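Worth knowing before you read on, the calculation uses all heavy atoms, side chains too, and leaves out hydrogens, waters and symmetry mates. One-based numbering, in listed order, for ligands and for the atoms of each. Remember, predicted model here, so these are calculated numbers, not experimental data.
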Amino acid sequence: MTWRQALGEHCELARIPLAKLTTMAIGGEADVVTVTEASDLPRLLAAGEWHFLGKGANLLVHDAPLEQPVLRLHRRLSQRQWLQQDDRQGILRVGGAHDLARLIGICARDGWGGLEGLAGVPASIGGALCMNAGTASAWIFDCVERVQVLLPNDSQLRWFSRAELNPVYRDSGLPRGTFFINCELRLHKDDPRRLLHTASTLKRAKAASQPLAAASAGCIFKNPRPDLPAGKLIDELGLKGCRVGGAQISQQHGNFIINTGGAQAREVAALIRHIRYHAQQQRGIDLSLEVQRWEIPESWFIATAEDGHLSEQGASHDQR
Ligand code: EPU
């Protein structure tokens, strides 16, 4: 059975340029399937290879039309349900399509603490779980009790408790290709004013240090060490403001590459190689990518001696 044959009445198929569905505003056209019933997922996943899309916030997509179809959860799968509550804590089940920022706002308003340290992180709950999204002060897995997932090559939805998982910095601990459907969060009762104050302070700090008004995919690299943020390193290397075509290393935060208008994935890749080249040559540091890549050959990101200088040729690794 092909993935097209596996589509059922709970699936909507549309042809959409991914530049419209990613915060970086880059990406070719793709077949995008939106699913309204989680029970359809095992059949769909068994019928082919998919890309999984959340809010598209941490993603760099090839400019050419995509070969693999894209799967995302319909907002109907963003339900919230309290499973347990007392005067100190509670367990909230949340669907993977739920918007993280909206959830933080609702919890803070209603006096439930735990997620407010993630204020300002753009993500769906499913995407945040997949990446163990976080800030300097919190990770989503800090309050996860259980997750419901479909593992790659598995045929049924399964729950995993926190004790069975091994989440680390920007990694859920589950294999690549795991689809996150639901989670249960342990939250504690707190003062709404305090929670809203924490969330707004974090958002203000983010707005002051990150180029939030520009199209970007958030931080491009993982921090190589807790005491060496990639943004600071790129700043010290003097690379802020470097540009290839429509892509530019942010003047505001060195770990952001912004799309100033019409940028292509290969231009972003040229800047990534340029940064990697200098981090390795001048400081002996290998920077790992945090941003997820779709259908872009890994060779695009491997720096060679040519990447020491920027030129429009530097951006011509395109093979397709
Ligand atoms: N810094 C510079 N120059 C720069 C950027 C940063 O000197 O161009 C310095 C800052 O002044 C600060 C230090 O580096 O002293 C750390 O910077 P920041 O507070 O911005 O934190 P970060 O480590 O760069 C991390 C996450 C961000 C998250 C922030 C705030 C990673 C890769 N990044 O950034 O997450 O928003 O903390 O909590 O872990 C993301 O994952 O996409 C992301 C943006």
Side-chain angles (χ1 to χ4, degrees), residues 22-26 53-61 99-101 104 108 114-143 167-173 180 195 197-243 247-260 268 271-272 274-276 278-279 282-283 285-294 301:
T22 57
T23 57
M24 186 111 212
I26 293 178
L53 184 68
K55 209 170 172 175
N58 189 37
L59 198 54
L60 181 62
V61 180
D99 184 71
L100 175 63
I104 294 170
L115 290 172
E116 64 285 356
L118 291 158
V121 175
S124 65
I125 288 293
L129 291 167
C130 176
M131 283 298 295
N132 189 12
T135 61
S137 54
W139 294 346
I140 190 159
F141 270 90
D142 294 342
C143 38
V168 291
Y169 172 65
R170 297 296 190 268
D171 188 342
S172 71
F180 290 81
L195 296 171
H197 177 74
T198 304
S200 61
T201 306
L202 283 168
K203 281 197 276 188
R204 264 202 309 278
K206 220 171 147 74
S209 67
Q210 300 179 2
L212 300 186
S216 85
C219 285
I220 290 287
F221 299 103
K222 293 181 185 171
N223 285 342
R225 296 196 309 262
D227 64 333
L228 183 61
K232 186 162 188 278
L233 170 67
I234 294 162
D235 195 348
E236 286 169 2
L237 291 169
L239 301 177
K240 284 163 95 173
C242 288
R243 177 188 271 278
Q248 185 180 29
I249 303 174
S250 166
Q251 298 275 13
Q252 206 176 344
H253 194 297
N255 202 6
F256 280 67
I257 293 179
I258 59 172
N259 177 356
T260 63
V268 176
L271 287 175
I272 289 173
H274 188 61
I275 294 169
R276 278 184 148 170
H278 287 285
Q282 295 181 43
R283 303 281 291 270
I285 294 168
D286 290 323
L287 286 171
S288 305
L289 287 168
E290 168 175 328
V291 70
Q292 305 296 298
R293 292 84 63 201
W294 284 3
F301 303 105

Under 3.5 Å: donor-acceptor pair, side chain of [X], backbone of [Y]:
X: Thr23; Y: Ser216; answer: yes
X: Asp171; Y: Gly173; answer: yes
X: Glu290; Y: Ser288; answer: no

Measure the [atom1]-[atom2] distance between [X] and [Y] for me, rounded to the nearest 0.5 Å.
X: Leu59; Y: Gln292; atom1: CG; atom2: CD; answer: 7.5 Å
X: Leu239; Y: Leu233; atom1: CG; atom2: CG; answer: 8.5 Å
X: Leu237; Y: His274; atom1: CG; atom2: NE2; answer: 9.0 Å
X: Ile275; Y: Ile249; atom1: CD1; atom2: CD1; answer: 3.5 Å
X: Arg243; Y: Leu271; atom1: CZ; atom2: CG; answer: 9.5 Å
X: Leu212; Y: Phe256; atom1: CG; atom2: CZ; answer: 6.5 Å

Looking only at protein heavy atoms, which one is nearest to [atom], and how far off is it?
atom: atom 38 (O) of ligand 1; answer: Ala136 N, 2.7 Å
atom: atom 23 (O) of ligand 1; answer: Asn223 ND2, 2.8 Å
atom: atom 3 (N) of ligand 1; answer: Asp235 OD2, 2.7 Å
atom: atom 27 (C) of ligand 1; answer: Cys219 SG, 3.9 Å
atom: atom 29 (C) of ligand 1; answer: Gln210 NE2, 3.9 Å
atom: atom 20 (O) of ligand 1; answer: His253 NE2, 2.9 Å
atom: atom 15 (O) of ligand 1; answer: Lys232 CD, 4.8 Å

Where ligand 1 meets [X] - atom numbers and elements under 4.0 angstrom, heavy-atom basis:
X: Lys206; value: 36 (O)
X: Phe221; value: 32 (C)
X: Thr135; value: 38 (O)
X: Tyr169; value: 31 (C), 32 (C), 39 (O)
X: Gly218; value: 42 (O)
X: Glu290; value: 32 (C), 40 (C), 41 (O), 42 (O)

Distance-minimising heavy-atom pair for Leu289 and Lys222: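 So the minimum-distance heavy-atom pair works out to O-CE, 4.0 Å.
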Closest heavy-atom pair and its distance - Leu100, Val121: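 Heavy-atom minimum between the residues: CD2-O, 3.8 Å.
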contact_flag Lys240 ligand 1 heavy-atom lt 4.0 Å: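 The answer is yes: ligand 1 sits under 4.0 Å from a heavy atom of Lys240.
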Arg170 near ligand 1 by a heavy-atom separation under 4.0 Å: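 Judged by the 4.0 Å heavy-atom criterion, Arg170 does count as contacting ligand 1.
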pair Gln252-Ile258: side-chain heavy atoms closer than 4.5 Å: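 Heavy-atom side-chain distance check fails, nothing below 4.5 Å.
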Side-chain heavy-atom pair Asn132, Val168 within 4.5 angstrom cut-off: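 No, too far: nothing below the 4.5 Å cut-off.
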Does [atom] have a protein non-hydrogen atom under 4.0 Å from it?
atom: atom 12 (C) of ligand 1; value: no
atom: atom 7 (O) of ligand 1; value: yes
atom: atom 41 (O) of ligand 1; value: yes
atom: atom 36 (O) of ligand 1; value: yes

Does any N/O atom on [X] come nearer than 3.5 Å to any N/O atom on ligand 1?
X: Asn58; result: no
X: Pro229; result: no
X: Ala217; result: no
X: Phe256; result: no

Partners meeting salt bridge (charged side-chain N to carboxylate O under 4.0 Å, His left out) with Asp235 (sequence neighbours left out):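 Partners of Asp235 by the salt bridge (charged side-chain N to carboxylate O under 4.0 Å, His left out) criterion, ordered by chain and then number, come out as Lys240.
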